[in-house]
Amino acid sequence: MTTNEKIVSASRRIEAPASQIFDLLADPARHREIDGSGTVRNGHPDNPERLALGDSFGMDMKIGVPYRISNEVVEFEENHVIAWRHFGHHVWRYELEADGDATVVTESFNWGVARFPPFYQWMGYPAKSEANMKATLERLDAVMTASS
């Protein structure tokens with residue numbers, strides 16, 4: 001990570017086609033299955049079944065206390081990129097790159113585009129996010145391996 005970019009990322013090679021991984025990422029009802037942070041509880045019942053560019057979706061979360069968050073899909077390229085943000089405007093992004101029969105999945109947390117980036121640094125979110133992303137990619141790998 002460079003200070004100017006304010007982006008933290010983690011990558012993992014997963015033995016599954018990009019289309020299957022993307023289908024899981026585009027289904028907000030399944031986000032809890034892969035959440036490595038332990039903060040995602042459930043999706044809202046009125047969420048779309050499959051996300052698309054510009055869609056909004058809500059999640060029940062918990063960091064100390066329960067709360068609800070609403071997200072907007074800000075990038076969407078079928079089987080390649082999906083990203084969303086909420087009111088804080090930091091962006092969670094997944095990029096998928098085919099690697100033979102497998103896929104390299106890169107998850108990133110861009111806090112440089114947030115409404116107030118210093119808050120994220122003060123709270124230690126870049127370092128926490130890197131560990132959580134590694135755990136998320138591990139869980140994503142386990143889910144994809146179990147479904148093959």
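For the numbers below, each heavy atom of this structure counts, side chains included, while hydrogens, waters and symmetry mates do not.
Rounding to the nearest 0.5 Å places CD1 of Ile21 at 8.0 Å from CG of Asp141. Here the straight-line distance linking atom CZ of Phe109 with atom NE2 of His90 works out to 5.0 Å at 0.5 Å rounding. Arg139 contributes atom CZ, which lies 9.0 Å from atom OG of Ser37 (distance to the nearest 0.5 angstrom). In this structure, CE in Met144 is found 10.0 Å from CD1 in Ile34, a value given to the nearest 0.5 Å. To the nearest 0.5 angstrom, Asp55 atom CG is 9.5 Å from Asn47 atom CG. Taking CD from Gln20 and CG from Asn79, the interatomic distance works out to 10.0 Å, rounded to the nearest 0.5 Å.
Ser11 and Thr106 share a donor-acceptor pair across their side chains, judged by distance under 3.5 Å alone. Between the side chains of Asn132 and Thr136, not a single donor N or O lies within less than 3.5 Å of an accepting N or O.
Residues passing the salt bridge (charged side-chain N to carboxylate O under 4.0 Å, His left out) test with Glu138: none are found, sequence neighbours excluded. The salt bridge (charged side-chain N to carboxylate O under 4.0 Å, His left out) test applied to Glu33 returns Arg30, not counting sequence neighbours. Partners of Lys62 according to the salt bridge (charged side-chain N to carboxylate O under 4.0 Å, His left out) rule, which considers only residues two or more places apart in sequence or in another chain, do not exist here.
Within the structure, the ring-ring contact (aromatic ring centres under 6.0 Å, His included) test picks out the following pairs touching residues 7-26 (sequence neighbours left out): Phe22-Phe76. Judged as a salt bridge (charged side-chain N to carboxylate O under 4.0 Å, His left out), the pairs with a partner in residues 98-109 (not counting sequence neighbours) are, in order, Arg13-Asp99. Sorted by first and then second residue, the pairs that involve residues 49-71 and meet ring-ring contact (aromatic ring centres under 6.0 Å, His included), not counting sequence neighbours, are His31-Phe57, Phe57-Trp84.
The minimum heavy-atom distance linking Pro28 with Pro48 is given by the pair CG-O, 3.4 Å.
Side-chain contact between Thr103 and Glu97 is absent, with no heavy-atom pair separated by less than 4.5 Å. Looking only at side-chain heavy atoms (C-beta outward), Asn71 and Met59 come within less than 4.5 Å of each other. Under the 4.5 Å side-chain criterion, counting only non-hydrogen atoms from C-beta, Pro66 is not in contact with Asp60.
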Under the side chain to side chain contact (heavy atoms under 4.5 Å, CB included) criterion, do His86 and Glu72 qualify, and how do the steps go? CA-CA 6 Å; His86 63 60; Glu72 176 189 4; over 6 Å; no
Side chain to side chain contact (heavy atoms under 4.5 Å, CB included) between Leu96 and Val81, worked out: CA-CA 6 Å; Leu96 287 67; Val81 175; over 6 Å; no
Evaluation steps, side chain to side chain contact (heavy atoms under 4.5 Å, CB included), between Arg93 and Glu95: CA-CA 7 Å; Arg93 184 176 198 260; Glu95 184 174 0; 3.2 Å; yes
With side chain to side chain contact (heavy atoms under 4.5 Å, CB included) as the test, would you mind laying out the steps for Val113 and His89 before giving the verdict? CA-CA 6 Å; Val113 296; His89 281 216; 5.6 Å; no
Pair Arg50-Asp27, salt bridge (charged side-chain N to carboxylate O under 4.0 Å, His left out): steps then yes or no: CA-CA 5 Å; Arg50 190 169 200 282; Asp27 181 354; over 6 Å; no
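Under a hydrophobic clustering in which Ile, Leu, Val, Met, Phe, Trp and Tyr are joined whenever their side-chain heavy atoms come within less than 4.5 Å, directly or via other members, Val104 and Leu25 fall into different clusters.
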